[in-house]
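Residue numbering restarts at 1 for every chain, and letters A, B, ... go by the order of the sequence lines. Predicted model only: the values in this text are computed from it and were never measured.
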Amino acid sequence: MLTDLYEFKKDLGKRGVFFCLSGPISQNLVAEIGSTLEQKISLEEASKSTVLRVFSTVVENAQNIMRYSDEKDEKLSLGIIAVGHESSHYFVLCGNMVENDKVEILRKKLSKLQTMNRNELKEYYRKQRRQGPPEDSRGAGLGFIDMAKKASKPIEFDFKKIDENFSFFSMKTVI
Amino acid sequence: MDNLIIEATKYTPEVFFDCENHVLDLKGKSYPENTSVFYSPVFEWLEEYLKQASDEKITVNMELVYFNSSSSKILMDFCDVLDAAADDGKNITVNWVYEEDDEDALEFGEEFQEDLESVTFNLVQKVLDDF
């Protein structure tokens, strides 16, 4: 692993990734990652809106991992978050384990968002915010809609079946 | 009653609710892990305050640089409480302060403005102090 570390870093770089974290995610960590990324992206002369959208997408993803990852280490939730830049856009990748029986619900939710344009997403967000969170939500139930709304193209996602209990959920948001 | 003063943290805003001068400031970032833990005392204070307020002019300044989606729900509830009080005859002005090139903050403000019927809701562009 020691000698491969450089190759691993280079591989991330080749994929445009300039930040990557795999492991337990906590609220304090979210704040630190957020402010570090904010500094880095501000240096690249991105607009205020872009900086805040990347920051916001990282926060929503991280808090999703904290709330919903089915891979836990005591109280800490495990997942992976990566931020990168390709074809003049920032992107945020996020992944975590989910129980297989949640896959179809998530797939349905996300597929629906993929078909909506920006105005539809805006309206849907307002409607859901007014309606209050669905039963299975541990927040306001708005995280995915918020990310879809801030993205410059439809969010992409994938479920990889790991064993009879778990799948690995991954999602990509292009800002 | 006492003023409500809560210092800002990395992920919760500064709260400075002044019941003598009737100015309520909410300023900073809002993305706590659990929004109701942070906002419960804020709502309790607000409801108590509105109950005892008469016809004085109440100014609410909301200057949120960033808030996560669960805070967005809470902020809507917060504005709803103010709107209901205004509907009840209280004189309430909300200033939604946003930074010049932050399109999303402006859009959120516009949505709140559309939704609220009784409070005076101003969209205020912040003058950036560049040094």
Query - Residue, of A/R53, A/E32, A/M66, that accumulates the most heavy atom pairs under 4.5 Å with chain B - result: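 Between A/R53, A/E32, A/M66, the count favours A/R53.
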Query raised in the report: Counting heavy-atom pairs under 4.5 Å to chain B, which of A/L142, A/V51, A/N28, A/T50 comes out on top?
Result: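 Most heavy-atom pairs within the cutoff with chain B belong to A/L142.
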State whether the number of non-hydrogen atoms from other residues, nucleotides or ligands found under 6.0 Å of [X] atom [atom1] is greater than 12.
X	atom1	value
A/Q131	CD	yes
A/F8	CZ	no
A/K72	NZ	yes
B/E56	CD	yes
A/R15	CZ	no
A/E45	CD	no

Query raised in the report: Within 45° of the six-membered ring axis of B/F108 and under 6.0 Å from that ring's centre, is NZ or CZ of A/K149 located there?
Result: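 Output yes; distance and angle both within limits.
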Query raised in the report: Are any non-hydrogen side-chain atoms of A/V30 and B/Y31 less than 4.5 angstrom apart?
Result: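 SC-SC contact between A/V30 and B/Y31 confirmed.
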Query raised in the report: So do B/S69 and A/E60 actually touch side chain to side chain, heavy atoms under 4.5 Å?
Result: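 Yes, at least one pair of side-chain atoms sits under 4.5 Å.
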Report task. Look at the side chain of A/S49 and the backbone N and O of B/D101, then say whether any donor-acceptor pair between them is shorter than 3.5 Å. Result ->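 Yes; judged by distance alone, with no hydrogens or angles, the pair exists.
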Query raised in the report: If we ignore angles and hydrogens, is there a donor and acceptor under 3.5 Å between the side chains of A/Q63 and B/N68?
Result: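 Yes - a donor-acceptor pair under 3.5 Å links their side chains.
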Answer with yes or no whether the hydrophobic clustering places [X] together with [Y]; edges join I, L, V, M, F, W, Y residues whose side-chain heavy atoms lie under 4.5 Å apart.
X	Y	result
A/V17	A/F19	no
B/V60	B/M76	yes
B/M62	B/L106	yes
B/V81	B/I6	yes
B/V23	B/L26	no

Heavy-atom pair with the smallest gap, counting every atom of [X] and [Y]:
X	Y	result
A/R67	B/S70	NH2-OG, 3.5 Å
A/P133	B/K73	CD-CE, 4.4 Å
A/L52	B/D102	CD1-OD2, 3.1 Å

Using a strict threshold of under 4.0 Å (side-chain N to carboxylate O), is an ion pair present between [Y] and [X]?
X	Y	answer
A/K150	B/D104	no
B/E100	A/K48	no
B/D80	A/R130	yes

Query raised in the report: Could you give all pairs that pass the salt bridge (charged side-chain N to carboxylate O under 4.0 Å, His left out) test and reach residues 26-40 of chain B, with sequence neighbours left out?
Result: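 Output for this query lists A/E38-B/K29.
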Query raised in the report: Does anything in residues 121-129 of chain A get under 4.5 Å of chain B by heavy atoms, and if so which residues?
Result: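 Against chain B, the residues of residues 121-129 of chain A that fall inside the cut-off (heavy atoms, under 4.5 Å) are A/K122, A/Y125, A/R126, A/R129.
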**Report entry** Contact class of B/T35 relative to chain A, heavy atoms under 4.5 angstrom
**Finding:**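 It is neither, since no heavy atom gets under 4.5 Å.
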Query raised in the report: So which part of B/Y98 gets closer than 4.5 Å to some heavy atom of chain A, the side chain, the backbone, both or neither?
Result: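 Contact with chain A involves no heavy atom of B/Y98 at all.
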